[in-house]
Amino acid sequence: MHKFSYRGGRLFCEGVDLGRLAEETGTPAYVYSAGTLLENYRRLEAAFSSLDHRVCYAIKANSNLAVLDLLARAGSGFDIVSGGELFRVLAAGGSPARTTFAGVGKSVAEIETALRAGIYSLNVESETELERIEAVAARLGLEAPVAIRVNPDVDAGTHAFISTGRSLNKFGIGLDRAGEVYRRAANCRHLKLRGIQTHIGSQILETRPFVEAIEKLLPLVRALKREYQIEFFSIGGGMGIVYEQALASGHADWWTQPATTPRLDPETYAAALLPLLEPLGLKILLEPGRSLVGNAGALLATVEYVKQAPGKTFVIVDTAMNDLIRPALYDGWHEIVPLQEPASDARLAVDVVGPVCESGDFIAKDRKLPPLKAGDRLAILSTGAYGSSMASNYNSRPLAPEILVHGDTHRVVRQRQTLHDLIASESEPAR
Ligand code: LLP
């Protein structure tokens, strides 16, 4: 679901003409649709309404304060993986009591800050981490709420870099060891066993791996509830989105999805999981990232040059792997559409590349696009998740601005970085 469509041949995000917005703010620029984000959140909420549950948005997907603020106001909790993300949740007015803290490498300082803030749960990934949390909690004279992340050894069938639920991944504690680790933890005076967590991977488009993981964990979950009165079971995130976007258009149907495009909507996801989860009588936590924000974002770009090489046409744009690393890192596929709807059906296979000095710097390869020329504006769709949050200053390129659209209005929610911002925290060479 998203609110990007052509109106009168011009691409709109909700009620905002993106061509005009690009004129005003320049490119590259990220644009987010608040309406899309909130609708995605509400649909997921509604799908799980029969359960005692809480959505803890995984803020790594998009950690802009305005996005966090929207979700916090809608009632969302948060899932974080660093002290930096905790700082953002607090800055956005989010509640630590509705926040879980995941990640394999929590530092002493991060654990201490999270405990002092009143975090709902530290999701523990190893026995040594458990010992560290016990030591920090003892020093602070606190009881640390913990859940253990259990790795069910399930193949999520997704890209190797974003698959996390196999025993060969670095995440969680194996099902064979989990019972023993809980027993040890139960004997620690400064730990409170609050729940159990799992997360098997990202961009998963079928229910099977989720069902398989939960089924494997159910006996343990029931035993933990009985023995330690745990209160929650977090089933992680991972719901995939459709990247091959259909754009509603008054003119052409060039961007329609094939009927076979795999998709997983919140209702299908819930229908598969509710029968397994309802009998548990536990609070169920969900940690969606991509499925809430992915389709809510687009990256606006301008064509700088069209370069003909032997047997290849390169469309060189003003955005690059530093703004959007997904194509380079995961072979991520993002729909690219012109802001001005083309008048003819002509298509040309081109590589869309950025100015960064790496052959890996591409946005799309062998993509059939309408004929393009310098100055044409494009939108790279479904870049709301793992776009700006993975951006860098590589090649000393300032970070792109972020703009939040709500109905007919828009607001810059992160300014474009200036060249001074690039060097502000560096010391000038002594002369
Ligand atoms: N919970 C935990 C513990 C996670 O590690 C993740 C994502 C999530 C929740 C949220 O998963 P989601 O609902 O967004 O799939 N950068 C990659 C994705 C990395 C996902 C890492 N963990 C990409 O651009 O595809």
Side-chain angles (χ1 to χ4, degrees), residues 30 37 40-41 43-44 54-63 67 71 76-82 85 99-106 120-126 129 147-152 154 156-166 169-173 195-207 209-210 213 232-243 264-266 269 273 284-297 299 321 323-334 363 380-392:
Y30 275 103
L37 180 59
N40 287 342
Y41 175 79
R43 256 181 88 177
L44 186 63
R54 182 186 301 155
V55 173
C56 292
Y57 166 62
I59 89 166
K60 61 171 82 72
N62 185 322
S63 47
V67 168
L71 286 168
S76 184
F78 297 100
D79 179 56
I80 59 167
V81 289
S82 71
E85 288 193 348
T99 300
T100 51
F101 192 158
V104 295
K106 299 177 198 76
Y120 178 64
S121 177
L122 291 167
N123 294 344
V124 178
E125 304 245 9
S126 65
E129 184 190 337
I148 289 171
R149 175 170 179 173
V150 179
N151 185 331
V154 166
T158 186
H159 190 283
F161 287 7
I162 52 176
S163 161
T164 54
R166 304 290 309 279
N169 299 127
K170 67 180 175 182
F171 298 100
I173 292 176
I196 174 169
Q197 195 267 359
T198 194
H199 172 79
I200 55 173
S202 200
Q203 185 53 18
I204 301 168
L205 286 165
E206 42 173 0
T207 54
F210 295 111
F232 79 85
F233 176 20
S234 173
I235 60 171
M239 239 209 297
I241 62 170
V242 175
Y243 278 99
L264 181 57
D265 54 44
Y269 176 69
L273 303 189
I284 301 301
L285 266 51
L286 309 161
E287 302 169 5
R290 187 189 321 261
S291 56
L292 296 187
V293 287
N295 290 151
L299 173 59
M321 66 190 295
D323 299 311
L324 179 67
I325 202 169
R326 301 197 69 262
L329 198 53
Y330 319 108
D331 260 329
W333 196 100
H334 290 267
I363 304 291
I380 303 159
L381 299 181
S382 305
T383 45
Y386 306 109
S388 61
S389 65
M390 293 181 78
S392 78

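Counting starts at 1 for both ligands and their atoms, in listed order.
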- Under a 4.0 Å N-O cut-off, is there an ion pair linking Glu85 with Lys60?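 Here Glu85 does not pair with Lys60 in a salt bridge, since their nearest N and O are not under 4.0 Å apart.
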- Would Ala385 count as a contact of ligand 1 if the rule is a heavy atom under 4.0 Å away?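 Outside the 4.0 Å threshold, so no.
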- Task: May I ask whether Gly238 places a heavy atom under 4.0 Å from ligand 1?
- Result: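 The answer is yes: ligand 1 sits under 4.0 Å from a heavy atom of Gly238.
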- Note on the structure: Contacts of Ser126 meeting side chain to side chain donor-acceptor pair (under 3.5 Å) (sequence neighbours excluded), chain-then-number -> Thr128
- Message: What I'd like to find out is whether the side chain of His199 reaches to under 4.5 Å of the side chain of Phe171, using heavy atoms alone.
- Response: no
- Taking the side chain as C-beta and beyond, is there a heavy-atom pair between Tyr386 and Ile325 under 4.5 Å?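 SC-SC contact between Tyr386 and Ile325 ruled out.
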- Item | Where Tyr120 and Leu285 come nearest, the two heavy atoms and their spacing |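 Residues Tyr120 and Leu285, closest heavy atoms: CE2-CD2, 4.0 Å.
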- Message: How close do Ile363 and Pro327 get, counting heavy atoms only, and between which atoms?
- Response: O-CG, 3.6 Å
Which atoms of ligand 1 sit under 4.0 Å from any heavy atom of [X]?
X: Gly289; result: 12 (P), 13 (O), 14 (O)
X: Arg326; result: 23 (C), 24 (O), 25 (O)
X: Ala58; result: 8 (C), 9 (C), 10 (C)
X: Met390; result: 16 (N)
X: Glu287; result: 1 (N), 2 (C), 3 (C), 8 (C), 9 (C), 10 (C), 13 (O)
X: Gly237; result: 9 (C), 13 (O)
X: Arg149; result: 3 (C)

- Message: Between Tyr41 and Ser76 (side chain of the first, backbone of the second, donor and acceptor by atom type, cut-off under 3.5 Å), is there such a pair?
- Response: yes
- Per-residue contact class, Asp79 against ligand 1 - non-hydrogen pairs under 4.0 Å: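 The side chain, only.
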- Message: Heavy atoms only, cut-off 4.0 Å: how does Tyr330 contact ligand 1, side chain, backbone, both, or neither?
- Response: side chain
- Message: Would you say Thr100 and Asp79 are linked by a side-chain donor-acceptor pair, where the criterion is simply a distance under 3.5 Å?
- Response: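 The answer is yes; a qualifying pair exists.
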- Is there a donor in the side chain of Ser234 and an acceptor in the side chain of Glu287, or the other way round, less than 3.5 Å apart?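 Present: a donor and an acceptor within the cut-off.
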- Sequence-distant partners of Ser291, side-chain contact (heavy atoms from CB on, under 4.5 Å), two or more places apart: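 Residues passing side-chain contact (heavy atoms from CB on, under 4.5 Å) with Ser291: Met239, Ile241, Pro288.
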- Heavy atoms only: which of Ser202, Gly332, Pro288 is nearest to atom 15 (O) of ligand 1?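 When every heavy atom of Ser202, Gly332, Pro288 is considered, Ser202 comes closest to atom 15 (O) of ligand 1.
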[X] to ligand 1: N or O pair under 3.5 Å?
X: Gly201; result: no
X: Tyr386; result: yes
X: Arg290; result: yes

